Participant: 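Mind looking over this structure? Questions follow.
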Amino acid sequence: MQRLTIFIRSTDVSGRSPLDSAIVRCARQSGLRGMTVIPCVEGFGRARTVRRPRWFTVVRDHPLMLVAVDTADRITGFRTALDRIAPGSLVVVDEVTAV
């Protein structure tokens, strides 16, 4: 089994759709068993700008983490589609043991 983790920002888009929604739809169409979108507490990326949601305010730009666990074949197939809709996104794939 492999775990695929994608790091993006809530303001990232794919065409006219939010990037996280586009990735989840693509994962479903690619046959992955599931995917979870997790809003992150704090983070920074290439620009070195720290992004942190402020409680009780409207959050417009915060880090998101998308996670899927599936077979290596399904993850590999999905990564081909992912490269088209989210080029340049940080993607981590590692081996896991599901218990």
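Because the structure is predicted, anything quoted here is derived from the model rather than measured. Along the sequence shown, residues are numbered consecutively beginning with 1.
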Participant: Using the test side chain to side chain contact (heavy atoms under 4.5 Å, CB included), find all partners of A86 that sit at least two apart in sequence or belong to another chain.
Facilitator: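 In terms of side chain to side chain contact (heavy atoms under 4.5 Å, CB included), with neighbours along the sequence ignored, A86 is linked to L19, I23, L82, S89.
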Participant: For the residue pair I6 and M35, establish whether any side-chain heavy-atom pair is separated by less than 4.5 Å.
Facilitator: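 Heavy-atom side-chain distance check passes, below 4.5 Å.
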Participant: Could you report the tightest heavy-atom contact between A68 and I75, atom names first, then the distance?
Facilitator: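 Closest approach of A68 to I75, heavy atoms only: O-CD1, 4.4 Å.
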Participant: If you define the side chain from C-beta out and look only at heavy atoms, does anything of L64 sit under 4.5 Å from R9?
Facilitator: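 They are not in side-chain contact.
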Participant: Measure the spacing between OG of S17 and CG of D12 and express it to the nearest 0.5 Å.
Facilitator: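 It is 13.0 Å, given to the nearest 0.5 Å.
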Participant: Going through the distances and angles, do L66 and V24 end up as a side-chain contact (heavy atoms from CB on, under 4.5 Å)?
Facilitator: CA-CA 8 Å; L66 292 81; V24 169; 4.3 Å; yes
Participant: Under 3.5 Å, side-chain donor or acceptor atoms of residues 91-99 against the rest of the protein: list the pairs with distances, not counting sequence neighbours.
Facilitator:
{"unit_1": "D94", "atom_1": "OD1", "unit_2": "R3", "atom_2": "NE", "d": "3.2"}
{"unit_1": "D94", "atom_1": "OD2", "unit_2": "R3", "atom_2": "NH2", "d": "2.8"}
{"unit_1": "E95", "atom_1": "OE2", "unit_2": "Q2", "atom_2": "NE2", "d": "2.9"}

Participant: Output the distance between atom CE (M65) and atom SG (C40), rounded to the nearest 0.5 Å.
Facilitator: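 The SG atom of C40 is 5.0 Å from CE of M65, to the nearest 0.5 Å.
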Participant: Under the 3.5 angstrom rule, does the side chain of S10 hit a backbone N or O of H62 as a donor-acceptor pair?
Facilitator: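 Yes, because the side chain of S10 sits within donor-acceptor range (under 3.5 Å) of the backbone of H62.
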Participant: Measuring only between side-chain heavy atoms, which start at C-beta, is C26 closer than 4.5 Å to F78?
Facilitator: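 Yes; the side chains approach each other to less than 4.5 Å.
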Participant: Tell me, yes or no, whether the heavy-atom count around R33 atom CZ, taken from other residues, nucleotides or ligands under 6.0 Å, exceeds 12.
Facilitator: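 Counting neighbours around CZ of R33, more than 12 heavy atoms of other residues, nucleotides or ligands fall under 6.0 Å, so yes.
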Participant: Stepwise, does the side-chain contact (heavy atoms from CB on, under 4.5 Å) test hold for T76 with T71?
Facilitator: CA-CA 9 Å; T76 300; T71 63; over 6 Å; no
Participant: Please list, chain by chain and in numerical order, all residues satisfying side chain to side chain contact (heavy atoms under 4.5 Å, CB included) with S21, sequence neighbours excluded.
Facilitator: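 Result, side chain to side chain contact (heavy atoms under 4.5 Å, CB included) vs S21: P18, R25.
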Participant: Treat each ILVMFWY residue as a node, draw an edge where side-chain heavy atoms are under 4.5 Å apart, and state whether I85 and F7 are in one component.
Facilitator: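 No, separate clusters.
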Participant: Could you give the distance from CZ (R74) to OG (S30), rounded to the nearest 0.5 Å?
Facilitator: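 Answer rounded to 0.5 Å: 11.0 Å.
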Participant: Measuring from atom CG of D20 to atom OG1 of T11, what distance do you get when rounded to the nearest 0.5 angstrom?
Facilitator: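 If I round to the nearest 0.5 Å, the distance is 10.5 Å.
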